[in-house]
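Excluded from the calculations below are hydrogen atoms, water molecules and symmetry mates; all remaining heavy atoms, backbone and side chain alike, are included. Throughout, a chain's letter reflects where its sequence line sits, starting with A, and its residues are numbered from 1.
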There are 2 protein chains.
Amino acid sequence: MRRAHHPATEELSLPEVMAALSDPLRIGLVRALADGAERGWGELWAPVAKSTLSHHLRVLRDAGVTRTRQEGTRCFVTLRRQDLDERFPGLVGALLEAAGAEDVNGGVHLAPGSDSTAACR
Amino acid sequence: MRRAHHPATEELSLPEVMAALSDPLRIGLVRALADGAERGWGELWAPVAKSTLSHHLRVLRDAGVTRTRQEGTRCFVTLRRQDLDERFPGLVGALLEAAGAEDVNGGVHLAPGSDSTAACR
DNA sequence: TTCGTTGTTCGTCGAATATCGAACAAGCTA
DNA sequence: TAGCTTGTTCGATATTCGACGAACAACGAA
């Protein structure tokens with residue numbers, strides 16, 4: 001498990017962020033993180049192999065959309081909402097609203113028994 | 001020159017629109033159309049072969065971002081701002097603002113002598 | 001130390017994308 | 001009719017992307 005790279009706020013690239021947010025599964029992941037709560041890997045369920053999920057989370061991280069924190073063998077992920085809003089005001093909000101209206105989620109959902117108050121027990 | 005396909009407003013797909021807007025050159029094209037004016041092909045200059053430009057304009061059209069009108073051998077293109085705002089409120093505005101702040105244009109610019117008042121002479 | 005859990009990385013595959021030049025089609029214009 | 005202009009389409013090629021399973025690395029627990 002190598003040290004993950006997180007671009008600084010001023011390094012965020014608009015095309016890269018747009019590309020990261022153009023996949024239904026990744027939109028679903030962002031929606032799952034939209035409430036601002038930190039989520040453990042295990043809470044995020046998606047209909048793909050774990051290596052594929054790891055790939056998508058890496059794309060989001062590399063684009064600066066999410067931040068990953070490591071704790072032992074576990075990883076926790078949060079949406080970098082504030083950084084994104086600073087560089088691209090309104091973009092994430094508009095995306096989340098549109099994705100909610102159309103129910104775009106790529107098959108992603110939170111694991112049973114997880115809610116924003118029970119995260120990271 | 002075959003009849004171009006334009007998806008209806010209710011057929012617009014969020015991931016597809018996001019993907020169409022994730023390329024710097026296409027962002028540049030959208031910016032060139034942002035004032036709502038109809039532009040002729042010849043007014044849009046980009047640092048790629050004409051077949052490549054045709055491809056990018058097709059991607060935008062197929063995603064429902066732009067509308068193409070044909071007149072003789074010429075084509076004119078407009079941004080479907082109203083349709084996009086109806087389905088994805090605020091998305092295009094946030095993109096244009098961010099792209100303007102970062103000057104993302106993919107090398108696209110309007111041909112010399114073109115401005116919003118002189119279009120389509 | 002030996003497992004088991006967790007997430008990353010690697011190799012591979014097929015599909016999609018970006019790009020170019022060349023050929024083509026459709027409509028003006030001379 | 002014969003060019004000219006304009007934009008699309010066609011191959012061809014190189015790259016990227018999404019997906020998978022397998023192997024690996026790091027850490028906690030038994």
> Can you check whether B:Thr66's main-chain N or O pairs, donor with acceptor, with B:Arg80's side chain at less than 3.5 Å?
no

> Within less than 4.0 Å of OP1 or OP2 of C:dT9, is there a side-chain N or O belonging to A:Arg58?
yes

> Quick one: on DNA chain C, does B:Lys50 or B:Val59 contact a more 5' nucleotide (nearest heavy atom)?
B:Val59

> Using whole Å, report how far CD of A:Glu71 lies from P of C:dT6.
14 Å

> Rounding to a whole Å, what distance do you find between A:His56:NE2 and C:dG7:C1'?
16 Å

> For the side chain of B:Cys75, counting heavy atoms from C-beta on, which of C:dA26, D:dA19, D:dT8 is nearest?
D:dT8

> Taking only the side-chain heavy atoms of B:Ala49 (C-beta and beyond), determine which of C:dA18, C:dC20, D:dT5 contains the nearest atom.
C:dC20

> Would the number of heavy atoms belonging to other residues, nucleotides or ligands and lying under 6.0 Å from CZ of B:Arg81 be above 12?
yes

> Is there side-chain contact between A:Arg61 and A:His6, with at least one heavy-atom pair below 4.5 Å?
yes

> If you check the A:Ser54 side chain, which of C:dT9, D:dT8, D:dA26 turns out closest?
C:dT9

> Could you tell me whether a side-chain N or O of B:Arg31 sits under 3.5 Å from a main-chain N or O of B:Val104, the two making a donor and an acceptor?
yes

> Nearest whole Å is fine: how far is C:dG27 P from B:Arg69 CZ?
15 Å

> If you check the B:Trp41 side chain, which of D:dT9, D:dG7, D:dC20 turns out closest?
D:dG7

> Just the rounded figure in Å: distance from P of D:dT9 to CZ of B:Arg61.
7 Å

> Measure the distance from CZ on B:Arg39 to C1' on D:dT6 and round it to the nearest whole Å.
19 Å

> Specify the separation, in whole Å, of atom CG of A:Leu53 and atom P of D:dC20.
10 Å

> Does D:dC20 have OP1 or OP2 under 4.0 Å away from a side-chain N or O of A:Thr52?
yes

> Look at the side chain of A:Ser51 and the base of D:dG21, then say whether one donor and one acceptor between them are separated by less than 3.5 Å.
yes

> Could you tell me the separation between the CG atom of A:Asp23 and the C1' atom of D:dC17, rounded to a whole number of Å?
9 Å

> Would you call A:Arg87 and A:Glu10 a salt bridge, taking side-chain N to carboxylate O under 4.0 Å as the test?
no

> Could you state the CZ-C1' distance from A:Arg74 to C:dG4, rounded to the nearest angstrom?
12 Å

> Nearest to the B:Val48 side chain among C:dC20, C:dA18, C:dG27, which nucleotide is it?
C:dC20

